[in-house]
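Worksheet: the structure to be examined is printed underneath.
Below, each value reflects all heavy atoms present in this structure, side chains not excepted, and no hydrogens, waters or symmetry copies. Start at 1 with the first residue, then count along the sequence.
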Amino acid sequence: MTNLRIGCGYDVHRLVPGRKLVLGGVDIPWEKGLLGHSDADVLTHAVMDALAGASRLGDIGKLFPDTDPACKGISSMKLLAEVGRLLEGKGFAVVNIDAILLAQAPKIAPYKERMGETMAAVLGISPEQIQIKATTEEGLGFTGDGSGMAAHAVALLEKIS
């Protein structure tokens, strides 16, 4: 039996005026933010789902339900830290994470490195173990028309104990 486990994650949130935009734990100055029960960090939510899937923890809806008042407005970095703690408790170590943000705007390139560094620090891994990418959808669909953002992530874990 192999000691490697792979998980994939996906999340989507609507863009609305009057909310702060947080992606990968980084505040992005922009006219809109993502709507959600927590800070709605779509990128981090996809990463957490990938980690949870690889370790059979379920998904973030199970771990942090939007009906839980304790999660109202919470930083997704706190939730990511809890996922990291749960992984460690189950004897898993992160090998690598690959994530992609789908958004027409704003431009994410200036923030990608800091997003990876922020999430890596929370998980206690090297920034070399996480890759953040972004793409537009050429004006197609809800991400392309600017009404929302989505993110996909894949995580590879190793069972160490």
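- In this structure, L157 is not a member of the same hydrophobic cluster as V154, with clusters built from ILVMFWY side-chain heavy atoms closer than 4.5 Å.
- A single hydrophobic cluster is seen to contain both I28 and V122, as judged by linkage of ILVMFWY side chains at heavy-atom distances under 4.5 Å, directly or through other members.
- Residues forming a ring-ring contact (aromatic ring centres under 6.0 Å, His included) with F142 (at least two apart in sequence, or on another chain): none.
- Note that CG of L123 is 10.0 Å distant from CE of M48, once rounded to the nearest 0.5 Å.
- I100 belongs to a hydrophobic cluster whose other members, connected by ILVMFWY side-chain contacts under 4.5 Å either directly or through intermediates, are L102.
- Under the salt bridge (Lys or Arg N to Asp or Glu O under 4.0 Å) criterion, no residue pair touches residues 106-117, with sequence neighbours excluded.
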If you look only at distance, which donor and acceptor atoms sit under 3.5 Å apart when one is on a side chain in residues 64-73 and the other is two or more places apart or in another chain?
residue: D68; atom: OD1; partner: A70; partner atom: N; Å: 2.8

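- Using modelled atom types, one side-chain atom of K159 and one backbone atom of K90 make a donor-acceptor pair closer than 3.5 Å.
- Within 6.0 Å of atom CD in E128, 12 or fewer heavy atoms from other residues, nucleotides or ligands are found, so the atom counts as exposed in its surroundings.
- Within the 4.5 Å cutoff, the side chain of L51 has heavy atoms near those of the V94 side chain.
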**OP:** Could you check I132 against M119 for side-chain contact (heavy atoms from CB on, under 4.5 Å), going step by step and ending with a plain yes or no?
**Re:** CA-CA 10 Å; I132 306 299; M119 287 193 281; 3.4 Å; yes

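- In terms of the side chain to side chain donor-acceptor pair (under 3.5 Å) criterion, residue partners of E137 (sequence neighbours excluded) are, by chain and number, T143.
- In terms of heavy atoms, V42 sits closest to A151 at O-CB, 3.6 Å.
- Remark: T118 engages no residue in a side chain to side chain donor-acceptor pair (under 3.5 Å) (not counting sequence neighbours).
- Rounded to the nearest 0.5 angstrom, L156 CG and L4 CG are separated by 5.0 Å.
- Residue pairs meeting the salt bridge (Lys or Arg N to Asp or Glu O under 4.0 Å) criterion with at least one partner in residues 35-56, sequence neighbours excluded, do not occur; the list is empty.
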**OP:** List the steps and the verdict of side-chain contact (heavy atoms from CB on, under 4.5 Å) for Q104 and D145.
**Re:** CA-CA 7 Å; Q104 198 63 35; D145 72 13; over 6 Å; no

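- At least one side-chain heavy atom of L23 sits under 4.5 Å from a side-chain heavy atom of I108.
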Subject >> Chi angles and distances behind the side-chain contact (heavy atoms from CB on, under 4.5 Å) call for I60, L79 >> reply: CA-CA 9 Å; I60 62 172; L79 303 178; over 6 Å; no

Taking distance alone, no hydrogens or angles, what donor-acceptor pairs closer than 3.5 Å link side-chain atoms of residues 15-22 to residues at least two apart or in another chain?
residue: R19; atom: NE; partner: L34; partner atom: O; Å: 2.9
residue: R19; atom: NH1; partner: G36; partner atom: O; Å: 3.4
residue: R19; atom: NH2; partner: L34; partner atom: O; Å: 3.1
residue: R19; atom: NH2; partner: S38; partner atom: O; Å: 3.0

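- Looking at residues two or more places apart in sequence or on another chain, you find a side chain to side chain donor-acceptor pair (under 3.5 Å) between H13 and D11, H45.
- Between L63 and L86, some side-chain heavy-atom pair lies under the 4.5 Å cut-off.
- Of all non-hydrogen atoms in A54 and A155, the two that sit nearest each other are CB-O, 4.1 Å.
- Judged as a salt bridge (Lys or Arg N to Asp or Glu O under 4.0 Å), and not counting sequence neighbours, K78 has no contacts.
- Counting only heavy atoms from C-beta outward, the side chains of F92 and R5 approach each other to under 4.5 Å.
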**OP:** Determine, stepwise, if the pair K62 / L57 fulfils side-chain contact (heavy atoms from CB on, under 4.5 Å).
**Re:** CA-CA 8 Å; K62 175 186 171 194; L57 288 170; over 6 Å; no

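- Residues satisfying the side-chain contact (heavy atoms from CB on, under 4.5 Å) criterion with Q129, sequence neighbours excluded, are I125, S126.
- D59 pairs by the side chain to side chain donor-acceptor pair (under 3.5 Å) definition with nothing, not counting sequence neighbours.
- The side-chain heavy atoms of M149 and V12, taken from C-beta on, include no pair separated by under 4.5 Å.
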